[in-house]
Every structure is written in C-alpha cells, then in structure tokens.
Amino acid sequence: MKLAYLSFTEKGTQIANKIAESFGGTVERCNVNYSLSGWTEKYFHEADGLIFVGAAGIAVRAIAPFLKSKVTDPAVIVVDECGKYAIPILAGHLGGGNDLARKIGTVCGALPVITTATDINGVFAVDEWAKRQNCHLDHIHKIKTVSGKLLAGKEIRIRSEWEITGEPPEYVIFVDDEIYDVCLSISPKKEDALHLIPRIAVLGIGCRKGTPMENIEETFVAFLEQADIHEKSICMVASIDLKKEETGLLKFCENHGFPFVTYTVEELQQAEGDFTPSAFVKSITGVDNVCERSAVLGGGVLYQKKFVGNGVTMALALRPFQPNWRWQDE
C-alpha cells in the first residue's frame, strides 16, 4: 500500500516515523509543507492509506469533503499520539483499513479498534473476502443485504465459475443454480445480486498505426459484448513493442486505468498456443498475430480469439485463478 502520514505534534511525528519505518510512506507535519485540507486532498487521491496521528475528530472533518465510494475511497486510520490505539475510520474492508490498523498495532503496540459489525461478531465479511481474492465488486449496494443476512444468522448462497478451496464459513452455502446472493464470475450479471469479478483477464490489442482512441474504444465495447466479459475483469493490456508509443492506444489505456505492456517480436514468436495467423500482420510486424500472442504472454490461457473491428484486433487470455474461502488473517 502507498501510505501517507500526517502528524500534529513532535510526539506524533515520532510515532508516524516509527510506523513508516516498517511500512514505508511519506511523513508530513501539519502546516509545515501542507495545510490540513491541502494534505488531505493530495493524498486522498494519491495514496492507498492515510494515517492521521492525532485526534479522530480532526481526521473526520478533514476527509469529509472528499468521500465518494467505499469501492474507491482509501483506507483512513487514526492513531493517537501516544500510540495506544489504531482506529480505522474509512474503508475497513475494501480499502484494507482493518488490516492496516492491526499491522500498525504490531509496530507501535497500538490496540486496533475495529468497529465493523462482521468483524466484531466474527461473521464472514464478503467485501473483505472479495479484496483478498483480487475481485472487483459490482452491485455494491448488496453488500449490506448479504452482511445483514449473515449477522441475523441466515444463510447466503454463493455461485462461482471456479471451485473454491477450503471449508466455507458458517452460513455460507456454495450453489450451482440460478438462485444466489453472490456470484463469482467474469461475465456481466444483470441479476440484482452481489457480483465479484476476478481481475484476471489480459486484453491483447493490435492496431494500425495512427488508429484513433475512439476506434479502439468502439471496438472494445463490441468485443466485451461479443465475448460476454465484464470490463472490470481486465487487469492489463498487452501488445507488440511497435505500439509502445501509439497515441490512441496509450490514451485508451489511460482512460480505463489499464496497465500497458509490450513484447518484442521474438517474445511474441515464443508464445505457446494455436493462434489465428495473418500474412498481412506478419509482413508489417514480423509476427503472424499480435493480439492473441500478446494476451497469452501477459496472461495464461487464450480465452477469446481474435476479434476485428475498425482496424483494431483484440483477444483475451485468462490468468490462473484459484479462489479460496480465506477472508481474514488466521
């Protein structure tokens, strides 16, 4: 996690530096380089976790203007300047705030003050499970419904396209039918159930030189629909190194927040699999297929073969994925 610390006194700065020695991050003293609001605005958007070493009320007022969503907000921890308590006040599960508070406690002796209902009742936390399984959450309003059932001692039903190893938590039932509360899948789901989307798909892209970003975007939309793939399953875009400065492709990746990697002709030629050959592509690039080969090099198993549109080719490979029932540290 990228962490940022803000202290208000010399004693607090010592605590912040002690924690930062173990977990890294930038330590600032309030009103030295940044005002309270200035520091909060900067790191709320840049860091994965904000640690205020001071009073909880100060932290609450500081972060209030920037709150957006439990899916995107960073973890926020308050540690008192004596290092007695570590209190996660935001993003305890999805942002990793609860875990971070526990880890801070091991460094400075602070008692983690965990207040999320599932944790204090020892109940399965589906959002924390999603984070540990590297899944994006869709239909997040259903987290409350799922957690409410578990807290009331009622069963929840989970359907998955993969076998989930280990023993299911109490009141969690693994099902293979169309009635479920939670679904683990890379396909879009219209049902009003909590949807966990593993980030395991690598999108391979080939395109003509100078292809506009709009053409790539239009092809992408059509490709997702044809392949029945949720956009949030994509963890990376891959192509040939001839495209590493391709403006439209770079803009497309930036707009979606996709990491972008490229491979040499030699690397692409060594990819293993049955690929769709193109004599034209080979005459231009030196390799018979770009999208499928680059997807495989970045992922694992070719899942969706070459799709063509607007002078753009796309293919998809899936990285190995073996979910388990672990949702918290033992």
Side-chain angles (χ1 to χ4, degrees), residues 1-2 46-48 69-74 91 93-96 127-140 160-164 182-189 194-207 213 216-217 219-241 243-244 246 248-263 267-268 271-273 290-307 312-324 326-327:
M1 297 177 71
K2 180 180 179 181
E46 294 182 6
D48 301 309
S69 165
K70 67 186 302 176
V71 175
T72 58
D73 289 342
H93 285 163
L94 291 181
D127 46 355
E128 190 165 3
W129 181 59
K131 179 180 175 62
R132 289 182 181 270
Q133 303 305 313
N134 190 30
C135 292
H136 173 82
L137 279 168
D138 203 9
H139 303 163
I140 62 171
S160 172
E161 294 176 359
W162 298 265
E163 180 183 356
I164 306 175
V182 180
C183 183
L184 188 62
S185 169
I186 61 171
S187 298
K189 296 296 177 185
L194 186 61
H195 185 191
L196 277 61
I197 307 146
R199 299 183 180 96
I200 59 173
V202 176
L203 178 66
I205 298 182
C207 63
M213 183 272 294
I216 299 174
E217 183 67 40
T219 304
F220 180 59
V221 172
F223 175 73
L224 290 180
E225 183 176 356
Q226 189 268 343
D228 194 33
I229 295 293
H230 198 295
E231 176 185 337
K232 294 299 183 180
S233 69
I234 297 172
C235 62
M236 189 174 79
V237 170
S239 190
I240 191 169
D241 62 357
K243 300 300 174 184
K244 62 184 177 182
E246 188 70 45
L249 184 52
L250 292 174
K251 184 64 175 176
F252 166 79
C253 293
E254 180 184 351
N255 287 350
H256 289 275
F258 295 147
F260 180 50
V261 301
T262 60
Y263 301 101
E267 289 172 323
L268 292 172
E272 297 182 357
V290 170
C291 63
E292 292 176 359
R293 288 178 178 272
S294 59
V296 167
L297 285 181
V301 178
L302 188 62
Y303 181 79
Q304 187 68 35
K305 295 181 75 68
K306 183 170 73 172
F307 178 89
V312 179
T313 61
M314 293 186 176
L316 200 80
L318 297 184
R319 292 177 173 177
F321 181 58
Q322 181 56 74
N324 58 61
R326 180 172 172 267
W327 61 278

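Heads up: numbering here begins at 1 and tracks the sequence.
Counting only distance, with no hydrogens or angles, the side chain of Ser239 and the backbone of Ile205 share a donor-acceptor pair below 3.5 Å.
For the pair Leu203 and Phe223, the minimum side-chain heavy-atom distance is below 4.5 Å. Put simply, the side chain of Ile216 reaches to within 4.5 Å of the side chain of Leu249, judged on heavy atoms. Counting heavy atoms from C-beta on, the side chains of Lys232 and Asp138 never come closer than 4.5 Å. When side chains are defined from C-beta on, Lys131 does not count as touching His93, because their heavy atoms never get closer than 4.5 Å. Using a 4.5 Å cut-off on side-chain heavy atoms (C-beta onward), Pro74 and Asp48 make no contact. With a 4.5 Å cut-off on side-chain heavy atoms, Leu297 and Leu268 count as touching. Side-chain contact between Gln133 and Leu196: absent, with no pair of heavy atoms (C-beta onward) separated by less than 4.5 Å. Contact annotation: the side chain of Glu246 approaches that of Cys207 to within less than 4.5 Å [non-hydrogen atoms, C-beta and beyond].
Applying the side chain to side chain contact (heavy atoms under 4.5 Å, CB included) test between Leu224 and each of Gln304, Glu231, His230, Met314 identifies Glu231 as the sole match. Between Tyr303 and the choices Val296, Ile200, Leu318, the side chain to side chain contact (heavy atoms under 4.5 Å, CB included) rule is met once, by Leu318.
Cys291 and Lys306 make their closest contact through SG-CG, 3.6 Å (heavy atoms, listed as atom of the first residue, atom of the second, distance). Across every non-hydrogen atom of Arg326 and Arg132, the tightest pair is NH2-NH1, 3.1 Å. Nearest heavy atoms, Gly95 versus Met1: O-CE, 3.5 Å. A pairwise comparison of heavy atoms in Tyr263 and Gly298 identifies OH-CA, 3.3 Å as the closest pair. In terms of heavy atoms, Asn324 sits closest to Ile164 at C-CG2, 3.5 Å. Here the closest heavy-atom approach between residue Gly299 and residue Ala317 is recorded as CA-CB, 4.4 Å.
Within the model, atoms CD of Glu128 and CH2 of Trp327 stand 6.5 Å from one another, a figure rounded to the nearest 0.5 Å. In this structure, the separation between CG on Leu194 and CG on Leu184 is 10.0 Å, given to the nearest 0.5 Å. Expressed to the nearest 0.5 Å, how far CZ of Phe260 lies from CG of Leu250 amounts to 6.0 Å. In this structure, the separation between CG on Leu302 and CZ on Arg293 is 11.0 Å, given to the nearest 0.5 Å. For the atom pair CG of Leu316 and CD1 of Ile229, the computed distance is 5.0 Å after rounding to the nearest 0.5 Å. Note that NZ of Lys243 is 12.0 Å distant from OG of Ser294, once rounded to the nearest 0.5 Å.
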- Query: Going through the distances and angles, do Ser187 and Glu161 end up as a side-chain contact (heavy atoms from CB on, under 4.5 Å)?
  - Reply: CA-CA 10 Å; Ser187 298; Glu161 294 176 359; 4.1 Å; yes

- Query: Does the side chain to side chain donor-acceptor pair (under 3.5 Å) test come out yes or no for Glu217 and Asn255, once each step is laid out?
  - Reply: CA-CA 10 Å; Glu217 183 67 40; Asn255 287 350; 5.6 Å; no

- I would like to know whether Cys135 and Trp129 meet side-chain contact (heavy atoms from CB on, under 4.5 Å); could you show each step before the answer? CA-CA 9 Å; Cys135 292; Trp129 181 59; over 6 Å; no

- Evaluate the criterion ring-ring contact (aromatic ring centres under 6.0 Å, His included) for residue pair His195 and His136; output intermediate values, then yes/no. CA-CA 8 Å; His195 185 191; His136 173 82; 8.7 Å; no

- Message: Walk me through whether His256 and Phe220 qualify under side-chain contact (heavy atoms from CB on, under 4.5 Å).
- Response: CA-CA 11 Å; His256 289 275; Phe220 180 59; 3.7 Å; yes

- Pair Phe258-Ile234, side-chain contact (heavy atoms from CB on, under 4.5 Å): steps then yes or no: CA-CA 8 Å; Phe258 295 147; Ile234 297 172; 3.9 Å; yes

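Legend: residues meeting salt bridge (charged side-chain N to carboxylate O under 4.0 Å, His left out) with Glu267, ordered by chain and number and at least two apart, are absent.
At a cut-off of 3.5 Å, with distance as the only test, no side-chain donor of Gln322 or Glu163 sits close to an acceptor on the other residue.
Residue-environment remark: NZ (Lys251) stays at or below the threshold of 12 foreign heavy atoms within 6.0 Å.
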